[in-house]
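Here it is, the structure in full.
Just follow the structure's listing: the first ligand is 1, and inside any ligand the first atom is 1.
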Amino acid sequence: MERKPLDAARLRRWCRDSRMWDSIEVLETVDSTNSLLAKRAAQGAHAGSVLVAEKQTAGRGRLSRSWESPPHAGLAVSMLLRPEVPTARWSWLPLLAGVATCQTIVDLCGVPAALKWPNDVLVGARLDKCSGILAEIAAGGVVLGIGLNVTLAREELPRADTTSLALAGAVETDRGTLLEGLLERIAAWYANWRATEGDPQASGLADAYTLRCHTLGLNVTVSLPDGAVITGVASAIDADGRLCVETEDGPVAVAAGDVYHVR
Ligand code: BTN
């Protein structure tokens with residue numbers, strides 16, 4: 001499958017016409033778009049700044065993992081947000097990005113997509129991961145980073161339980177079109193969420209997330225950051241975006257962790 005570079009001029013034109021995005025810069029190589037944007041945030045970068053890289057040499061994932069993809073085969077994008085809503089509600093931002101990514105895939109690629117809590121995007125018959133999201137606090141704002149496997153072949157995937165849009169049968173694999181679609185959907189959700197001061201119910205975000213969350217109702221094992229492991233049934237998402245798990249010892253609300261769906 002042909003792998004064209006992103007058309008930076010087209011993206012800049014698109015950005016000028018968008019309401020929310022301040023700038024889009026396409027970098028050939030960078031260690032991590034999240035790390036660079038965090039540095040720029042500290043130097044006063046505007047809210048709505050977007051960085052995209054054709055290649056990351058040290059792409060980072062959640063829970064200190066790495067994120068790897070061959071050049072031109074995926075999207076590695078970070079955006080700087082400075083939400084004017086109570087900080088207690090910022091935990092919904094990565095979930096918002098997950099909803100927008102799912103919608104982009106369903107709307108543009110014509111393949112079903114679902115979320116594994118908190119924001120792994122799963123596609124295809126086996127519901128393998130094709131996208132991950134890393135949100136980090138930076139200089140009083142949030143850097144929201146999204147990695148999306150677009151045309152990776154099976155032998156290029158980092159793990160057996162991952163996939164790409166092309167492998168899942170996507171009808172659209174043009175990365176520029178996917179990036180515009182993704183930024184458009186993030187902007188729409190962000191506008192709703194901000195207009196309701198980050199209220200997950202009033203903005204419709206909680207319902208949109210719950211609708212797409214494959215984790216709910218399943219038996220799960222969750223590895224917590226302190227090394228503890230819990231098992232139980234994933235029953236709900238609470239007002240802070242935490243996963244509620246009904247364990248033998250009672251309910252536990254998980255703010256961060258690695259969830260395994262027991263298939
Ligand atoms: C995960 O699934 O663990 C999250 C992966 C997030 C990867 C993206 S790629 C763009 C941005 N820059 C990074 O270094 N990480 C995020």
Side-chain angles (χ1 to χ4, degrees), residues 6 11 21 24-42 45 49-81 91 93-102 104-105 113-123 127-139 141-152 156-165 175-176 178-179 182-183 186 212-215 222-225 241 243 254-261:
L6 286 164
L11 288 169
W21 303 109
I24 298 188
E25 187 178 344
V26 179
L27 304 159
E28 203 45 50
T29 306
V30 68
D31 54 352
S32 149
T33 53
N34 263 36
S35 302
L36 180 59
L37 195 53
K39 280 183 208 138
R40 297 221 181 139
S49 299
V50 179
L51 283 186
V52 199
E54 293 290 27
K55 179 176 170 53
Q56 293 187 113
T57 55
R60 294 184 294 106
R62 287 176 60 242
L63 308 169
S64 306
R65 300 222 174 87
S66 61
W67 179 267
E68 289 163 26
S69 175
H72 306 127
L75 283 174
V77 55
S78 298
M79 50 218 87
L80 176 62
L81 305 174
S91 55
L93 274 174
L95 307 190
L96 180 157
V99 168
T101 306
C102 252
T104 306
I105 293 171
L115 290 160
K116 183 173 83 137
W117 185 89
N119 44 33
D120 282 355
V121 182
L122 314 175
V123 294
L127 287 180
D128 287 324
K129 174 171 174 174
C130 79
S131 173
I133 292 159
L134 177 66
E136 298 178 295
I137 301 290
V142 176
V143 171
L144 199 52
I146 303 179
L148 176 62
N149 294 339
V150 181
T151 60
L152 281 84
E156 293 174 310
L157 295 169
R159 288 202 322 263
D161 60 350
T162 58
T163 191
S164 68
L165 294 178
R175 292 179 307 132
L178 292 170
L179 179 57
L182 179 59
L183 291 173
I186 290 175
R212 291 169 178 80
C213 185
H214 182 63
T215 306
V222 189
S223 303
L224 303 175
L243 181 69
V254 178
D258 217 3
V259 172
Y260 299 90
H261 291 168

Ligand 1-proximal atoms of Lys129, by part, heavy-atom distance under 4.0 Å: side chain

Looking only at heavy atoms, the pair that brings Thr215 and Lys116 closest together is OG1-CA, 3.4 Å

Would you check if Pro118 and Leu243 make a side-chain contact, meaning some heavy-atom pair closer than 4.5 Å? no

Between Gln56, Arg60, Arg62, which one has a non-hydrogen atom sitting closest to atom 6 (C) of ligand 1? Arg60

Per-atom contacts of ligand 1 with Gly61, taking only distances under 4.0 Å to non-hydrogen atoms: 1 (C), 3 (O), 4 (C), 5 (C)

For atom 4 (C) of ligand 1, what's the nearest protein heavy-atom neighbour? Residue, atom name and distance, please. Ile133 N, 3.4 Å

Looking at Ile133 and Asn119, what are the two nearest heavy atoms and their distance? O-OD1, 3.6 Å

In the protein, what heavy atom is nearest to atom 5 (C) of ligand 1, and what distance, to one decimal place, separates them? Trp67 CE3, 3.6 Å

Per-atom contacts, ligand 1 versus Val77 - under 4.0 Å to a heavy atom: 10 (C)

Would you tell me which option among Leu51, Leu37, Thr33 has the nearest heavy-atom contact to atom 10 (C) of ligand 1? Thr33

For the residue pair Gln56 and Ser69, confirm or rule out a side-chain donor-acceptor distance under 3.5 Å. no

Minimum-distance pair of heavy atoms, taken over all atoms of Asn149 and Lys129: ND2-O, 4.3 Å

What's the shortest heavy-atom distance between Thr162 and Pro158, and which atoms? OG1-CD, 3.7 Å

So if I count the atoms of ligand 1 from 1 in the order they appear, which ones are less than 4.0 Å from some heavy atom of Gly59? 14 (O)

